[in-house]
Amino acid sequence: MNTPSRYGIAIFHGIGDILNCTPIAKQLKLNEPNCHITWYTAAKYQFIIEHNPYIDEIITLEGDVLSLDSEIPRLRTEQPWTRFFTPAPYMNYEVLPGGSLLDLIKTAAKLEWTIPFIPTFALTATEKKQAGEYWQTLPEGKKILVETEFYSEQSHWKDDYAFEML
């Protein structure tokens, strides 16, 4: 009897990095529907992946999100992983120097991609209702969604730039 593959994924900070790495879980599940995917993230960012249908288990860690990367060596050895991923772009600049954010993630994952590389973010019906209600309170016209955590060496976005834009 074959034991299902076990995959670990660890990304602790950067809301966009976490979200943009979710296609990895989808590709793994399409490749091996019975595999088990454990995703490690910071407790404060669990909401990004908690309704993702491709993730079997979410383990959150408390603490400073930037310091949690130091836990990765321990997490790699906690279980007999088939493979353990650390696909966040900031951890993989060397795999594709000068590459775009998404190309860094795709290259670092070292998977054969058979799906469109589209992040998965799922909201509950209540969350969708709340978002709709909030949207209705905003002024008419076009809107711009801006992530306000700037840890990427690739991004030209810095606090000053965001404040100028606002």
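We count residues from 1, following the sequence as given.
- In this structure, CG in Asp17 is found 10.5 Å from OG1 in Thr41, a value given to the nearest 0.5 Å.
- For the 3.5 Å distance criterion, the side chains of Thr114 and Gln27 qualify, holding a donor opposite an acceptor.
- By the 30° and 60° cut-offs, the orientation of the rings of His13 relative to Tyr90 is parallel.
- Here the side chains of Lys29 and Cys35 are in contact, with some heavy-atom distance below 4.5 Å.
- Between the NZ atom of Lys44 and the CD atom of Glu62 there is a distance of 11.0 Å, given to the nearest 0.5 Å.
- Defined by atom type and a distance below 3.5 Å, a donor-acceptor pair is missing between the side-chain atoms of Glu71 and Tyr40.
- Residues Phe85 and Ala109 come closest through the heavy atom pair CE2-O, 3.4 Å.
- Checked by atom type and distance alone, the side chain of Asn92 never pairs as donor or acceptor with a backbone atom of Val95 at under 3.5 Å.
- A distance of 13.5 Å separates CH2 of Trp39 from CD1 of Ile59, quoted to the nearest 0.5 Å.
- Counting non-hydrogen atoms of other residues, nucleotides and ligands closer than 6.0 Å to CD of Glu112 gives a total of 12 or fewer.
- Once rounded to the nearest 0.5 Å, the distance linking CD1 of Ile9 with CZ of Phe84 reads 9.0 Å.
- Under the ring pair (Phe, Tyr, Trp, His ring centres under 6.0 Å) criterion, the residue pairs touching residues 94-138 are Trp113-Phe117, with sequence neighbours excluded.
- Between Ser5 and Glu32, some side-chain heavy-atom pair lies under the 4.5 Å cut-off.
- Contact check for Gln79 versus Trp81: side-chain heavy atoms found under the 4.5 Å cut-off.
- Leu96 contributes atom CG, which lies 6.0 Å from atom CG of Asp103 (distance to the nearest 0.5 angstrom).
- Put simply, CD1 on Ile58 and CZ on Phe47 are 12.0 Å apart, with the number rounded to the nearest 0.5 Å.
- A continuous path of Ile, Leu, Val, Met, Phe, Trp and Tyr side chains, each step under 4.5 Å between heavy atoms, connects Ile18 with Tyr7, placing both in one hydrophobic cluster.
- The shortest side-chain heavy-atom distance between Leu19 and Thr120 does not fall under the 4.5 Å cut-off.
- Taking 4.5 Å as the limit, some side-chain heavy atom of Pro87 sits within range of a side-chain heavy atom of Ile11.
- In this structure a side-chain-to-backbone donor-acceptor pair under 3.5 Å is missing from Thr107 to Leu104.
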